[in-house]
Amino acid sequence: MRAVVQSILILSGLALAIPAVRGEPATNAVQVTPAFITQLAEEMRTNHPALQAASARTNAAAANAAAVRSWDDPMVRLGGMAAREMMRADEGDLIYGVEQKLPIFGKPALARAVAQSEFATEQASADYQFQTLRRDLAKSLFKTALAHRVVEIGGQDRDWLQTMVSATEAKYRTDEATLAELLELQNELSKRTNQLRTDIALRGNEEFTLNRLLNRAPESPWPALDLPAVAPAIAYTERLVDFSLKYEPKTLVMRQQIKQAEAAARLTRRQRLPDFSAGLEARNYTGDGSFRQGMFVLSFNLPWANAGKYRNDIRRDEAKQRAAELDLTDWQLSARQEVHHLTVAIDAARREALLYRDEIIPRSEQALASARSAWETGRRTLREILETRRMLLDARLMYARAVAEQFTMMSELVLCCGLGDFESLQMIGAEIEPEPAQPKK
């Protein structure tokens, strides 16, 4: 009768342990999807200080463009003449007039073009900063989801070990297990418990990073985050490269910087032309207040005396323009390499995830079930079942890390191609074939 009770305890304990080792996903977890990332990105756009600063700089550039004047403020002149009374009476001793700089040679329009190009550059820079932070947010979400999964697997393994310890203690009381086996299981449980504390702390650190990106309170709670299924394959195509060359956010910023440099160079060339001012001047006699004379005055500066300085100004701005163009060329030359590197990394992570999901994890589950059955009948040692359990745990962790790595690299590719989210990859034909839905391992 005692042996029957002992067998029932062992089998019931192992039955409780099976779902824990299989690692079924939490039912209330929030999956990291493109829509979820977009929702948090909009919150980040509103709350992140760096994005608020970029918006303020854009507003400042817009105000600067609107503040460019076509007509400078007029100059008013007022003076008097000291002379004999006869001369003052003849010519007038109260002098007054107004002078206005003339908006000729298109200088105000060119200055306005410079300010407008600066505004466009600030807009592109603000969008680049947002897209970069959106990528960082997506990567942080996948890292957090991975940390949640690691804690989940660790908790399930701890429960499995607790059940095994209880079962082994029962076997030890009936001399069916050795003290060494019991101590080994207890040590494994202690190590797993300690590792689980570490994993929980690392999960908290990832959540802390997310709260920092969203400018939330550092200890703001997060729901359990779930990694998505393995993404479809993404091939290296010329279309991906074309999108990277045309729409990558930093490329757009550098193009605007070239346009800004071109506008500044055009304005500098026009500065070599003289500035003309038109003025009116009148004189009255203070003795009786009567008008004596009036004059129309046209004045201009002589820039030719500083012709060498103006040439140096032009060379300076042309050199800046050339530097901006070369920076863009260098950046675009690396785009093809970056896209190729990312597609290779995405494919490697995808193949690794599929390998663990479709081959290694099922084989490890079968091996664990076989080792468990053999251990129950005394045909296998406890060390064999523990080694099999480690293989299965490693396989589950490697699968989760491969999925997280795939989506992390996809986040980089989305930014590199100037796309909105992962779903945009389908719009440019990057998806080769859909991946059938699979239960989470």
Requested in this report: State plainly whether the residues E42 and R134 are in salt-bridge range, i.e. N to O under 4.0 Å.
Outcome: no

Query raised in the report: Is a salt bridge present between K191 and E188, judged by a nitrogen-to-oxygen distance below 4.0 Å?
Result: yes

Query raised in the report: Using 30° and 60° as the class limits, which term best fits the ring planes of F142 and F407: parallel, tilted or perpendicular?
Result: tilted

Query - Nearest heavy-atom neighbours spanning S70 and R112 - result: OG-NH2, 2.8 Å

Query - Salt bridge R401-E352, side-chain N to carboxylate O under 4.0 Å - result: no

Query - Ion pair E262/K259, N-O distance below 4.0 Å - result: no

Query raised in the report: Any salt bridge between D347 and R351, counting N to O under 4.0 Å?
Result: yes

Query - R390 atom CZ: more than 12 heavy-atom contacts under 6.0 Å - result: yes

Query - Neighbour count >12 (heavy atoms, 6.0 Å) for atom CZ, F300 - result: no

**Report entry** Any I385 side-chain heavy atom under 4.5 Å of L368 side chain
**Finding:** yes

**Report entry** Candidates R396, R357, R389 - the one meeting salt bridge (Lys or Arg N to Asp or Glu O under 4.0 Å) with E365
**Finding:** R396

Requested in this report: Apply the test side chain to side chain donor-acceptor pair (under 3.5 Å) to residues Q321 and D317: give CA-CA distance (whole Å), side-chain angles for both, the deciding distance (0.1 Å), then the verdict.
Outcome: CA-CA 6 Å; Q321 177 183 343; D317 289 344; over 6 Å; no

Report task. Indicate yes or no: at least one non-hydrogen side-chain atom of E318 is less than 4.5 angstrom from one of R269. Result -> yes

Query raised in the report: Do you know the tightest heavy-atom contact between P274 and F105?
Result: O-CE1, 3.4 Å

Query - Qualifying side-chain hydrogen bond (donor to acceptor under 3.5 Å, both in side chains) pairs with a residue from residues 123-132, counting only residues at least two apart or across chains - result: none

Query - Under 3.5 Å donor-acceptor, N194 side chain and S190 backbone - result: no

Query raised in the report: Would you say the side chain of Y236 lies within less than 4.5 Å of the side chain of V241, judging by non-hydrogen atoms?
Result: yes

Query - Inter-residue atom distance D330.CG - D327.CG, 0.5 Å rounding - result: 7.0 Å

Query raised in the report: Hey, are R316 and D313 close enough for a salt bridge, meaning a charged N less than 4.0 Å from a carboxylate O?
Result: yes

Query raised in the report: Can you find a heavy atom in the side chain of R192 that is under 4.5 Å from one in the side chain of L393?
Result: yes

Report task. Using the test ring-ring contact (aromatic ring centres under 6.0 Å, His included), find all partners of F119 that sit at least two apart in sequence or belong to another chain. Result -> none

Could you pull out all donor-acceptor pairs under 3.5 Å where a side-chain atom in residues 249-258 meets a protein atom, sequence neighbours excluded?
residue : atom : partner : partner atom : Å
T251    : OG1  : E248    : OE1          : 3.2
T251    : OG1  : W331    : NE1          : 3.3
R255    : NH1  : K246    : O            : 3.1
R255    : NH2  : L245    : O            : 2.8

